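See below for the structure under consideration.
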Amino acid sequence: MYNIIAKTKNMERQEWLMLRKNGIGGSDAGAVCGLNPYISPIEVYASKTCYGVEEIPDNEAMLEGRDLEDYVAKRFMEASGLKVRRANVMYSNNKYPFMIADVDRVITGRKNGITGLECKTASPYNASKWKNGRIPAHYIIQCYHYMAVLGAESWYIAVMVYGKEFKYMKLERDEEIIQSLIRIEENFWKNNVLERIMPEPDGSDAAEAFINRHFAESRKELSIPLSGFDEKLRRREEITGIISHLDTEKKKIEQEIKTYMNEAEYAENENFLVSWKNSTSNRIDTKRLKAEMPEVYERFLNTVKSRRFMVKAV
């Protein structure tokens, strides 16, 4: 059902990243399916097709999650009575070798088949995403990806919500989900990665961040023909008008409520609670600082480069 394609113990991170370019891993699966709010399909595509190592940048939560992986695994063993160990290998599926897996932990002492544990951490601000047995969709897909690669009948996922709680859940194999996942990943690998065709942007914040980062600078005075976008640009104009109209309507409703509330901080009924409270913030008067202390202003001036996107009808 599966192969061991490499031993990863003591492997350098750059070597591990290069190895991951050979297939779709568990942390890629949710993004390929369009379910990861932090990583877009085009970012996964870039990481697989660039000539060097295109590492998806870690945020602070991802760094902390890696550091606390051992702790989550330890808590899982205490809570479940099961024993786990590091696999220290990278797997691939026999039938679909582009599906690879570098799992957090495998459950030991099993006589039939393999199963494992995915370790997660979450901030209290994201605790609601794990409430009442819920699991974020891209993490569910990650576990099903591992089941698909290894032929596992189940997979465990454990989460520590900082300072709040620890819990774990068991996901049972669902053949319909797994077959759908295989089709999506196979299509992505064959028709995007191997053909070197970037997936279309999906409108997500993750896609926007990727595009802004990878196409950060324009070539001065370079102009190219704009072909094939007239219909989409007309639709963009329509959407812009709709958004403007809806924004005005939203403001009108808010203004009506504000005049109704007058000096009240709160207004509530059985359906809604509205607050309109005093708020104080301190801001630096940059114009005055520049005029009165120009040397200090220059010393703390931070230059930020970006590209400004504009559309003008001609």
Side-chain angles (χ1 to χ4, degrees), residues 1-32 36 38-39 41 43-77 82-110 113-121 138-139 141-152 155-160 181 185-186 188-189 192-194 210 213-214:
M1 175 60 76
Y2 60 85
N3 292 315
I4 294 175
I5 57 176
K7 294 181 179 180
T8 57
K9 188 175 182 179
N10 300 321
M11 180 180 285
E12 294 291 334
R13 182 161 178 80
Q14 290 297 304
E15 183 182 354
W16 179 80
L17 289 168
M18 288 298 294
L19 188 62
R20 277 178 53 86
K21 288 164 65 71
N22 296 320
I24 299 172
S27 58
D28 301 323
V32 169
N36 191 325
Y38 312 108
I39 302 173
E43 196 155 4
V44 176
Y45 166 83
S47 72
K48 306 302 176 185
T49 58
C50 66
Y51 292 107
V53 173
E54 179 72 17
E55 183 170 9
I56 296 172
D58 284 348
N59 55 35
E60 184 61 26
M62 293 165 69
L63 292 170
E64 291 177 6
R66 275 209 299 266
D67 290 342
L68 290 169
E69 187 181 297
D70 282 340
Y71 176 77
V72 175
K74 179 175 178 291
R75 289 291 303 275
F76 171 79
M77 288 191 289
L82 298 170
K83 300 296 182 184
V84 302
R85 64 169 176 81
R86 290 181 180 273
N88 292 322
V89 296
M90 188 174 288
Y91 304 96
S92 70
N93 184 275
N94 278 343
K95 188 175 180 181
Y96 307 101
F98 57 86
M99 297 182 73
I100 61 176
D102 187 356
V103 304
D104 286 347
R105 298 291 187 278
V106 292
I107 309 295
T108 63
R110 289 177 57 86
I114 188 171
T115 189
L117 167 69
E118 182 62 23
C119 302
K120 299 297 181 187
T121 55
H138 56 297
Y139 293 153
I141 292 300
Q142 184 174 4
C143 293
Y144 279 114
H145 173 91
Y146 293 146
M147 285 187 252
V149 172
L150 298 169
W155 209 263
Y156 292 89
I157 184 167
V159 60
M160 180 192 69
L181 178 59
E185 292 191 24
E186 185 174 32
F188 180 85
W189 188 256
N192 294 115
V193 176
L194 297 184
F210 169 84
R213 187 170 68 251
H214 283 262

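Worth knowing before you read on, the calculation uses all heavy atoms, side chains too, and leaves out hydrogens, waters and symmetry mates. Just so we're clear, the structure is a prediction, and the values are computed from it rather than from any experiment.
- To the nearest 0.5 Å, atom CG of residue Leu19 and atom CD of residue Glu12 are 13.5 Å apart.
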For this session: Give the C-alpha distance, both sets of side-chain angles, the deciding distance and a yes or no for side-chain contact (heavy atoms from CB on, under 4.5 Å) between Thr108 and Val84.
Result: CA-CA 5 Å; Thr108 63; Val84 302; 5.8 Å; no
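- One finds the CH2 atom of Trp16 at 11.0 Å from the CD atom of Gln14 (value rounded to the nearest 0.5 Å).
- One N or O on the side chain of His145 and one on the backbone of Ile100 form a donor-acceptor pair closer than 3.5 Å.
- Although no hydrogens or angles enter the test, the distance criterion places a donor-acceptor pair under 3.5 Å between the side chain of Thr8 and the main chain of Asn88.
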For this session: Test side chain to side chain donor-acceptor pair (under 3.5 Å) on Arg105 and Thr115 and set out the steps.
Result: CA-CA 9 Å; Arg105 298 291 187 278; Thr115 189; over 6 Å; no
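- Between the side chain of Lys21 and the backbone N or O of Cys50 there is at least one donor-acceptor pair closer than 3.5 Å.
- Distance CG/Asp102 to CE/Met11: 8.5 Å, rounded to 0.5 Å.
- Ala148 and Asn93 make their closest contact through O-ND2, 2.9 Å (heavy atoms, listed as atom of the first residue, atom of the second, distance).
- Ion pair Asp104/Lys120 not flagged as a salt bridge, since none of the NZ, NE, NH1 or NH2 atoms sits closer than 4.0 Å to an Asp/Glu carboxylate oxygen.
- Atoms SG and OH, from Cys143 and Tyr156 in turn, are 12.0 Å apart once rounded to the nearest 0.5 Å.
- Separating the CG atom in Leu68 from the CE atom in Met160 is a distance of 4.5 Å, to the nearest 0.5 Å.
- With respect to the salt-bridge test (charged N to carboxylate O, under 4.0 angstrom), the residues Lys95 and Glu186 do not qualify.
- Ion pairing between Glu43 and Lys48 fails under the 4.0 Å rule for side-chain N and carboxylate O.
- Closest of all the heavy-atom pairs between Tyr91 and Ile5 is O-CD1, 4.1 Å.
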For this session: Show your reasoning for whether side-chain contact (heavy atoms from CB on, under 4.5 Å) applies to Ile141 and Leu181.
Result: CA-CA 8 Å; Ile141 292 300; Leu181 178 59; 3.8 Å; yes
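- With a 4.5 Å cut-off on side-chain heavy atoms, Thr121 and Val72 count as touching.
- Closest of all the heavy-atom pairs between Ser27 and Gln142 is N-NE2, 4.0 Å.
- For Tyr146, the ring-ring contact (aromatic ring centres under 6.0 Å, His included) partners are Trp155, not counting sequence neighbours.
- Closest approach of Ile24 to Phe188, counting heavy atoms only: CD1-CD2, 3.8 Å.
- With respect to Arg75 and Asp70, no salt bridge is recorded, no charged nitrogen being found less than 4.0 Å from a carboxylate O.
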Problem set entry | Worked check of side-chain contact (heavy atoms from CB on, under 4.5 Å) between Lys74 and Glu69 | CA-CA 9 Å; Lys74 179 175 178 291; Glu69 187 181 297; over 6 Å; no
For this session: Evaluate the side-chain contact (heavy atoms from CB on, under 4.5 Å) criterion for residues Leu150 and Met1: first the C-alpha distance (whole Å), next the side-chain angles of each, then the deciding distance (0.1 Å), finally the verdict.
Result: CA-CA 6 Å; Leu150 298 169; Met1 175 60 76; 5.9 Å; no
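- Across every non-hydrogen atom of Val32 and Pro41, the tightest pair is O-CG, 4.4 Å.
- Salt bridge annotation for Arg20-Asp28: present, with a cationic side-chain nitrogen under 4.0 angstrom from a carboxylate oxygen.
- Among all heavy-atom pairs drawn from Val149 and Tyr2, the shortest one is O-CB, 3.5 Å.
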